[in-house]
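Report on one structure; see the data block that follows.
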Protein chains: 2
Amino acid sequence: MIAPLRDFVGAFGRLLDSAPDEPRILREGGALLRTLVARDDWLPDAFARPDPARYQQFLLHADSTERFSVVSFVWGPGQATPIHDHTVWGLIGMLRGAEYSQGHVFDGDGRAQPQGEAVRLDVGDVEAVSPTVGDLHRVHNAHADRVSISIHVYGANIGAVRRHTYPAEGGRKPFVSGYSNTLLPNLWDRSEELRSTFA
Amino acid sequence: MIAPLRDFVGAFGRLLDSAPDEPRILREGGALLRTLVARDDWLPDAFARPDPARYQQFLLHADSTERFSVVSFVWGPGQATPIHDHTVWGLIGMLRGAEYSQGHVFDGDGRAQPQGEAVRLDVGDVEAVSPTVGDLHRVHNAHADRVSISIHVYGANIGAVRRHTYPAEGGRKPFVSGYSNTLLPNLWDRSEELRSTFA
Ligand SMILES: [Fe+3]
Ligand SMILES: [Fe+3]
Ligand SMILES: [Mg+2]
């Protein structure tokens with residue numbers, strides 16, 4: 001039942017074909033993502049499995065020319081990211097459980113400092129990041145005792161983007177996230193439904 | 001070492017971005033495919049495995065908006081397709097072993113009949129099909145005692161295209177090929193090479 005993800009990828013590709021500016025990507029792409037995470041019956045188990053050591057980043061789809069990528073983030077109980085940037089637009093939709101995203105800004109010494117309250121994402125919520133709307137944050141599972149999963153879309157092949165983490169002691173470190181998976185789901189087999197229409 | 005396939009997918013996507021007509025797709029896309037099958041060090045074993053019962057069609061990549069798909073065809077010893085059409089352009093590049101493609105045309109009774117000699121594809125060779133250049137053929141492994149593998153590119157998500165097979169007794173039957181795999185290779189993780197450039 002992976003059809004909702006296939007439909008999402010196609011619709012996102014057509015949105016980007018129309019050469020939208022970033023506000024439109026975040027608005028219309030955000031609406032597509034909201035539709036995707038409004039139901040939780042399509043993510044195969046292999047891409048929903050936590051790892052006790054670290055949060056998982058399962059690539060679900062990458063566009064042929066790397067205009068966008070779709071990633072399942074699986075948070076084990078209490079797991080968190082370092083403070084990090086993205087350098088491209090990103091959309092985060094909550095599929096299962098809940099997470100907190102704490103925005104950061106640079107202080108006078110170029111050190112990343114928390115700004116405002118952490119945003120809590122519950123099932124169905126969508127948030128955006130980008131160098132324009134705010135690119136620095138730290139994310140953590142809102143639950144200390146269960147798995148949470150968010151679906152992320154980025155304006156690049158995010159696992160291969162050169163970006164940064166910001167350690168507490170100041171400065172920044174080069175960061176390339178990669179992916180947790182060597183195999184992707186096959187979204188594209190519609191043969192069963194099509195054959196069912198044969199006379 | 002899946003980089004050659006990733007490079008091929010990106011280059012093919014950029015080619016299609018330029019809105020080429022079919023002759024240019026077959027010419028320039030054919031050149032890209034020739035480069036891809038000029039080396040045989042990139043196809044993961046999971047997508048090179050024959051099945052004793054039938055030839056395998058492993059989807060390697062599908063474009064976000066289904067402009068094209070890339071498929072590994074794995075022929076067990078002596079395996080063959082029925083006579084079939086494609087309804088979209090297709091490019092076939094021989095990666096390992098050899099195959100024969102026998103072109104067909106309709107006779108006065110609308111029956112598919114062999115036309116001309118079968119084309120033999122050896123490693124590195126590339127052939128094209130389409131409703132314009134000839135869309136009907138039957139393919140078989142040139143080897144009765146070993147596996148052959150060809151890499152195919154089509155102007156659609158080929159596994160979901162409504163097409164036809166042509167039985168010996170005449171007429172045609174609806175045909176949707178589907179895919180043999182539920183998991184695709186992850187072409188997109190460049191983190192190892194990128195991290196190796198960190199100071
Ligand atoms: Fe983030
Ligand atoms: Fe064919
Ligand atoms: Mg030859």
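Reminder, nothing fancy here: chain letters follow the sequence lines and each chain counts from 1.
- For the set L59(B), L194(B), V9(B), L16(B), the count of heavy-atom pairs under 4.5 angstrom toward chain A peaks at L194(B).
- The shortest non-hydrogen separation linking D189(A) to Y179(B) is OD2-N, 3.2 Å.
- Between T197(B) and R162(A) there is a side-chain heavy-atom pair separated by less than 4.5 Å.
- A salt bridge does not link R6(B) to E66(A): none of the charged nitrogens lies less than 4.0 Å from a carboxylate oxygen.
- Put simply, OG1 on T182(A) and CG on L187(B) are 11.5 Å apart, with the number rounded to the nearest 0.5 Å.
- Only the side chain of F47(A) comes within less than 4.5 Å of a heavy atom in chain B; its backbone stays farther off.
- Side-chain heavy atoms closer than 4.5 Å link hydrophobic residues (I, L, V, M, F, W, Y) into clusters, and following such links, even through other members, never connects Y154(A) to M94(A).
- Atom CZ of R54(A) is surrounded by 12 or fewer heavy atoms from other residues, nucleotides or ligands within 6.0 Å.
- For N157(A), the part lying under 4.5 angstrom from a heavy atom of chain B is the side chain only.
- For F12(A), no part sits under 4.5 Å from any heavy atom of chain B, backbone or side chain.
- Considering all non-hydrogen atoms of both residues, F175(B) and F198(A) come closest at N-CZ, 3.8 Å.
- With a 4.5 Å cut-off on side-chain heavy atoms, L183(B) and N186(A) do not count as touching.
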List the steps, then state whether side chain to side chain donor-acceptor pair (under 3.5 Å) holds for D63(B) with S64(A). CA-CA 6 Å; D63(B) 185 64; S64(A) 304; 2.6 Å; yes
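- Minimum interatomic distance between G159(B) and S191(A) (heavy atoms only, all atoms of both residues): O-CB, 4.3 Å.
- Heavy-atom pairs under 4.5 Å with chain B were tallied for G13(A), A62(A), G10(A); the largest tally goes to A62(A).
- Cluster membership check: I83(B) shares its hydrophobic cluster with F106(B), using side-chain heavy-atom separations under 4.5 Å among Ile, Leu, Val, Met, Phe, Trp and Tyr.
- Clustering ILVMFWY residues whenever any of their side-chain heavy atoms sit less than 4.5 angstrom apart, transitively, puts I2(B) in the very cluster that holds V37(B).
- Put simply, the side chain of R195(B) gets close to the backbone of S177(A): a donor and an acceptor are under 3.5 Å apart.
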